[in-house]
There are 2 protein chains.
Amino acid sequence: MNSSTRATLGVRQAQKLKTRQALLDAALKLLEEQSLSSLGLREVTRVVGVAPAAFYRHFRDMAELGVALVEESLGSLHVMIRAVLAEQQEAEEVIDRSVEAVAEHVRRHPAHVRFVARERHGGVRAVREAIAAELARFGDEVADALAAQEVSRGWSAEDVRMLAGLYVDHLVMTASAFLEASADEQRVIADTARRQLRLISLGRRHWRAA
Amino acid sequence: MNSSTRATLGVRQAQKLKTRQALLDAALKLLEEQSLSSLGLREVTRVVGVAPAAFYRHFRDMAELGVALVEESLGSLHVMIRAVLAEQQEAEEVIDRSVEAVAEHVRRHPAHVRFVARERHGGVRAVREAIAAELARFGDEVADALAAQEVSRGWSAEDVRMLAGLYVDHLVMTASAFLEASADEQRVIADTARRQLRLISLGRRHWRAA
DNA sequence: CCCTGTGGCAAACAGTTGTTTACTGAATTC
DNA sequence: GAATTCAGTAAACAACTGTTTGCCACAGGG
C-alpha cells in the first residue's frame, strides 16, 4: 500500500527501484563536494547501507550511474524551461520571469545544478556526452520557440539557432554563478543577468536592420 | 650552461625547478582524461620517474599543484587577451581577430584550456577559487578596455562590467566548445561565435539609445 | 677542502578500492 | 503449495592509495 509506487508494480520491482533511487540520491549528495571520477562505488553503497556488490544489480559502473543522474538532473530543468517558453509576454517581462525561474530552480535543486555544471566538462566521457546531447535538445527547443515569435521574421534558421545557443549558454552560466553565491551576491547576479539579457534582446531587435 | 635557466640560478635550484615543471607537465597530461580530484600523487610521480615521496618537496598535496597549474594555464591566456585588447580597430575586425585568437590559443594549448574548463566547477575548492579569481581579473581588464572606447560614453561602471562579464563568459564557452570539436565543427563554432559577438556588439551600440 | 643543506630514494605502514564468488531468503510464477 | 527467480549478502582477492621514516649523494658556501 505504498502510495508513491504504482499498484501494478510488484513488491519486488518496487523495492529494487527504491534502492536504485537511494543509490542515486546518495551519489548526488556525495557529489556536492567531489567530482564523479573520484566517487567510489563503495562510498555510495556505504551511505545507502547496502553491500558493495549490490551496486552491480543496478549499474555496471559509476559512469552508468552518472548518466542516470544526468537524466534526472536535466529532466527537471526541462520542465522549467518549457514553462517559461510557453508564456507569451512582453520582452521585458519574459526576461524577469526567466531569471526568476532560474534562481528558483537553483534554490530548489542545487545539487542537480552543481552536478551538471561540474560534469559538463568533467572527466567521464559518457556523462559529458549525455549532458551535451541534452543541452543540444534544449537549444533546439529554445530555437523553435524563438522562431515562432514575430521578432524573428526573416531570420535564417542558422541565426535563430545561434541566438538560442547564446541563451542556453547564458542560462547555464547564470545558474552556476548562483550556486556558490550568498544571498546578497545572488541579487547582484540576478541583476547582471537581467541586463545582459536585455542587451542581447536589444541586439536581436536590430539584427539585419542596422 | 643551460640556456633555459638564468645563469644566476645554481645547478641545485635549476634541477629542482626542472622536476617541479616535470611534475606539472605530467599532471597536465594525465588531466586530459580525468579530473583533478581523481588524480593520484603516485600516478604523477610514476610518469615523471621519481619516487612518490619526492612529490612533497614541491607541493603539499594535489590541490596545491592544481593551483600552480591554474596560474600556468591562465597566464598564457592573459597574454593573448591583452594582445587583442591592445589593437585599436573597427568593431567587425576586432571580432574576427578575437575569435581567431581564441581558436589559435586552443590549438596551441589544448590541455591548458581543458584543465581550466574542467576544474572551473570541479571538485577541488582551492582550484575553483583560483580560477574564479583569475577570471575576475580578466573581467576587470576587459572592462577597462571597453570603458576606454568611445562607444561606452555615458555608460555606468556597472553596465560596462556587465558587458565585460558577458564577453569573458562567451570567451570561455567558445574555447571549451572548440576543444572537443573536429576541424569541420570548429569552423561552424567559429562562425557561430562571430555572429554572437556581432549581435552583442549590436546590442551594445543601441544600449540606452533605444 | 670540509661541512652543511637538501632533493630524491627505498621501504614499510595501514587503509581503501573494484570485482568475483557462492550463498540466502523472500516474492513471484505455475 | 512446490519450483523458480533474483535483490541483496558476506567474505576474500589482489591492487592500489597517501604518508612517514631514515638514509644517501652531492651542490654550494665557509
Side-chain angles (χ1 to χ4, degrees), chain A residues 1-2 4-27 30-31 33-69 123-127, chain B residues 1-2 4-27 30-31 33-69 123-127:
Chain A
M1 291 292 170
N2 188 338
S4 70
T5 59
R6 311 204 73 125
T8 62
L9 242 52
V11 176
R12 193 106 197 204
Q13 218 157 339
Q15 253 306 330
K16 181 170 186 184
L17 277 183
K18 210 167 165 182
T19 53
R20 184 192 137 102
Q21 191 58 46
L23 287 170
L24 288 171
D25 292 348
L30 290 166
L31 284 172
E33 284 174 4
Q34 61 186 309
S35 45
L36 186 64
S37 65
S38 74
L39 179 61
L41 156 172
R42 292 183 103 106
E43 219 173 329
V44 177
T45 57
R46 195 182 310 130
V47 171
V48 175
V50 304
F55 183 91
Y56 295 105
R57 302 285 181 200
H58 304 274
F59 308 100
R60 192 185 310 278
D61 50 24
M62 287 297 303
E64 196 170 297
L65 180 145
V67 171
L69 271 182
V124 183
R125 163 170 304 245
V127 171
Chain B
M1 290 293 172
N2 188 336
S4 70
T5 59
R6 312 204 72 125
T8 63
L9 242 54
V11 177
R12 192 102 196 201
Q13 219 157 338
Q15 253 306 329
K16 180 167 188 185
L17 279 182
K18 209 167 165 184
T19 54
R20 184 192 137 102
Q21 191 57 45
L23 288 170
L24 289 170
D25 292 348
L30 290 167
L31 284 172
E33 285 173 6
Q34 62 185 307
S35 46
L36 186 64
S37 67
S38 75
L39 180 60
L41 158 169
R42 292 183 104 105
E43 217 172 332
V44 177
T45 57
R46 195 182 309 130
V47 171
V48 175
V50 302
F55 183 91
Y56 295 104
R57 301 283 183 202
H58 303 274
F59 307 101
R60 193 185 310 280
D61 49 25
M62 286 297 304
E64 197 171 295
L65 181 145
V67 171
L69 271 182
V124 182
R125 163 171 305 246
V127 171

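These numbers come from a predicted model, not from an experiment. Just so we're on the same page: letters track the sequence lines, and every chain starts at 1.
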Chi angles and distances behind the side-chain contact (heavy atoms from CB on, under 4.5 Å) call for B/Val67, B/Phe59: CA-CA 10 Å; B/Val67 171; B/Phe59 307 101; over 6 Å; no
Looking at the side chain of A/Arg57, which of D/dA7, C/dC9, D/dG28 is the nearest nucleotide? D/dA7
More than 12 foreign heavy atoms under 6.0 Å from CD of B/Glu64: is that the case here? yes
Whole angstrom is fine here: how far is it from CZ in A/Arg20 over to P in D/dG8? 12 Å
Calculate, to the nearest 0.5 Å, the distance between atoms CG and CD belonging to B/Leu36 and A/Gln34 respectively. 12.5 Å
Identify the heavy atoms of A/Ala26 and A/Val47 that sit nearest to each other, and give their distance. CB-CG1, 3.8 Å
Distance-only donor-acceptor test (3.5 Å): side chain B/Arg12, base C/dT6: yes
Rounded to the nearest 0.5 Å, what's the gap from CD on B/Gln21 to CG on B/Leu24? Could you check? 5.0 Å
Start at the 5' end of DNA chain C and walk down; is the nucleotide closest to A/Ala53 or to B/Ala53 reached first? B/Ala53
Near DNA chain D, which residues from residues 37-52 of chain B have a heavy atom under 4.0 Å away? B/Gly40, B/Leu41, B/Arg42, B/Arg46
Quick one: does A/Leu69's side chain get under 4.5 Å of A/Leu31's, heavy atoms only? yes
Can you check whether B/Thr19 reaches B/Val48 side chain to side chain, under 4.5 Å on heavy atoms? no
For the atom pair CE (A/Met62) and OG (A/Ser38), what is the distance rounded to the nearest 0.5 Å? 9.0 Å
So what does B/Tyr56 touch, heavy atoms closer than 4.0 Å: a base, only the sugar-phosphate, or nothing? base
Secondary-structure notation, DNA chain C, from Watson-Crick and G-U pairs under 3.5 angstrom (| other strand): ||||||||||||.||||.||||||||||||
To the nearest Å, give me how far apart CD (B/Gln15) and C1' (C/dT6) are. 13 Å
Where A/Leu65 and A/Ala27 come nearest, the two heavy atoms and their spacing: CD2-CB, 3.6 Å
Is there a side-chain contact between B/Thr19 and the phosphate of C/dG7, meaning an N or O under 4.0 Å from OP1 or OP2? no
A/Arg42 and A/Phe55: CA distance, side-chain angles, deciding distance, side-chain contact (heavy atoms from CB on, under 4.5 Å) verdict: CA-CA 9 Å; A/Arg42 292 183 103 106; A/Phe55 183 91; over 6 Å; no
Mind calculating the distance between CZ (B/Phe55) and P (C/dA10) to the nearest angstrom? 18 Å
Separation of D/dT17 C1' from B/Leu30 CG (nearest whole Å): 15 Å
A/Leu30 side, atom CG; A/Arg46 side, atom CZ - distance, nearest 0.5 Å: 9.0 Å
The correct set of residues in residues 61-69 of chain B placing a heavy atom under 4.0 Å from DNA chain C is none
Rounded distance in Å - CD (B/Gln13) to C1' (C/dG5): 13 Å
In whole Å, what is the span from the CG atom of A/Leu23 to the P atom of D/dA7? 13 Å
d(NE2, A/His58; C1', D/dA7) in whole Å: 7 Å
Hey, are the side chains of B/Lys16 and B/His58 touching, using non-hydrogen atoms and a 4.5 Å cut-off? yes
Separation of D/dT17 atom C1' from B/Gln34 atom CD, nearest Å, is 13 Å
